[in-house]
Amino acid sequence: MSSRSRRILSACAVLSMISLSACGASADSSGDTAGGGRNPDKLVLSAIPTEDSTTLKQSFQGVIAMLEEETGKQVTFQQATSYAAIIEGQRAKKIDIAVYGPFSYVLARNSGLEIKPAAALVQTKGSKPGYRSYGIVKSGSDIKGLADAEGEKVCFVEPNSTSGYLYPSAGFIEAGLKPKQDIEPVMAGGHDASVLAVANGQCELGFAYEAMVEQQLIDRGEIEKGDVTTIWKSEVIPGSPAAVSSDLETVLKNKIVKALQEKANVDYLKSQGFCDGNCSVGDQGNWGFVKVDDALFDGVRKVCATTKDKQCSG
């Protein structure tokens, strides 16, 4: 079998996980390519939930409605099961706009995928697109730092998670431990699951993004304040970017990028009637997107250089 055939079959297999149509029907098949780029009749926006969420599509509904008005095209949403599925979906031209984690964005670029980071999510208006990973233990634990976790069961989120795996792995290396040899790693499958596993005593140490630890699970009544203690914080991690496929027709691509940078936020969406009530962008309760460029993600590349994790090579 040729490498091209294997690549196509691989893309089909992954795309089946995100319930896309048959592999032979490309998203650009209904559009012309005037001007040297794809100009599909419909656009596909995709993202992966940051936790066990059933409201991800709803959380992007205002952005979808705004993009439809800005581009004049129907925009559909595809909830993916993994970042790998999003990468392959965008490579196969099944996805036109993808919301990545910062690590998975770097992986996508490393794999040769031609995408442009238009904007990244921020929690509040005026804030910078960044957050931290927290290392947590059950309150009262004897583990006071990452070096104390040698031989213990440690909950990560998943191998492609920036704050739930990559930065914590770099943290262990800096603490003098080899994350694949000196601890017992467990992939919890979600940021919420990682925190709950620690609170329930299933893992001695776990990792999740800061808002999940400090706010979201407490607000939902799934843990009490003080159930877990933060014993490690990462450097600031770039915010999750929305990346637009570079092969789209230039005018269309520029419309999407400009709309994401200037109008994909709660203030604009509310003012124009695209959403009301408890309006947010994404399932982390974000204010919206702000403009970024590729250089913002150099910190992720630096952590990859530290960990030399095989995931970094895509």
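Here the NZ atom belonging to Lys116 is positioned 11.0 Å from the CG atom belonging to Leu260, to the nearest 0.5 angstrom. Rounded to the nearest 0.5 angstrom, Ser280 OG and Asn278 CG are separated by 6.0 Å. Here the CD-CZ distance, from Glu249 to Arg38, works out to 11.5 Å after rounding to the nearest 0.5 Å. To the nearest 0.5 angstrom, Glu222 atom CD is 10.0 Å from Asn200 atom CG. Separation of atoms CD (Glu150) and CG (Asp148) is listed at 10.0 Å; rounding is to 0.5 Å. For the atom pair Ser59 OG and Ile64 CD1, the distance stands at 8.5 Å (nearest 0.5 Å).
No side-chain heavy atom of Lys128 sits under 4.5 Å from any side-chain heavy atom of Val122. Looking only at side-chain heavy atoms (C-beta outward), Leu269 and Val281 come within less than 4.5 Å of each other. Annotation: side chain of Ile136 is not in contact with side chain of Leu205 (no heavy-atom distance under 4.5 Å). At a threshold of 4.5 Å between non-hydrogen side-chain atoms, the residues Leu166 and Val300 count as touching. Taking 4.5 Å as the limit, every side-chain heavy atom of Leu45 sits out of range of all side-chain heavy atoms of Gln78. In this structure, Val244 and Asp96 have side chains that are not in contact, with every pair of non-hydrogen atoms separated by 4.5 Å or more. Looking at heavy atoms from C-beta onward, Ile87 lies in side-chain contact with Ser111 at the 4.5 angstrom threshold. Put simply, the side chain of Tyr134 does not reach to within 4.5 Å of the side chain of Val228, judged on heavy atoms.
Residues Leu146 and Ala175 share a closest heavy-atom pair of CB-CB, 4.0 Å. In terms of heavy atoms, Ile143 sits closest to Ser141 at N-OG, 3.0 Å. Considering all non-hydrogen atoms of both residues, Arg109 and Pro117 come closest at NH1-CD, 4.3 Å. Looking at every heavy atom in both residues, Leu248 comes nearest to Pro40 through CD2-CD, 3.8 Å. Residues Leu296 and Pro238 come closest through the heavy atom pair O-CG, 3.3 Å. Between Ile256 and Leu43, the shortest heavy-atom distance links the atoms CD1-CD1, 3.9 Å.
Note on ring orientation: taking the six-membered ring where Trp is involved, the planes of Tyr209 and Tyr131 are perpendicular (angle over 60°, cut-offs 30° and 60°).
No single ILVMFWY cluster, assembled from side-chain heavy atoms under 4.5 Å apart, contains both Phe156 and Val186.
Of the N and O atoms on the side chains of Asn39 and Lys73, at least one donor lies less than 3.5 Å from an acceptor on the other residue. A donor-acceptor contact closer than 3.5 angstrom is absent between the side chains of Thr307 and Ser169. Side chains of Glu158 and Tyr83: a donor-acceptor N/O pair is absent below 3.5 angstrom, by distance only.
Looking at Lys138 and Asp227, no side-chain N of the basic residue comes within less than 4.0 Å of a carboxylate O on the acidic one, giving no salt bridge. Salt bridge annotation for Asp294-Arg301: present, with a cationic side-chain nitrogen under 4.0 angstrom from a carboxylate oxygen.
Every residue meeting the side chain to side chain contact (heavy atoms under 4.5 Å, CB included) condition with Glu70, not counting sequence neighbours, appears here in chain and number order: Met66, Ala259, Lys263, Tyr268.
The disulfide (SG to SG under 2.5 Å) pairs that include a residue from residues 235-288 are Cys275-Cys279, where partners are two or more places apart or lie in different chains.
Tested against Phe172 for a ring-ring contact (aromatic ring centres under 6.0 Å, His included), the candidates Phe207, Tyr167, Tyr165 yield a single pass: Phe207.
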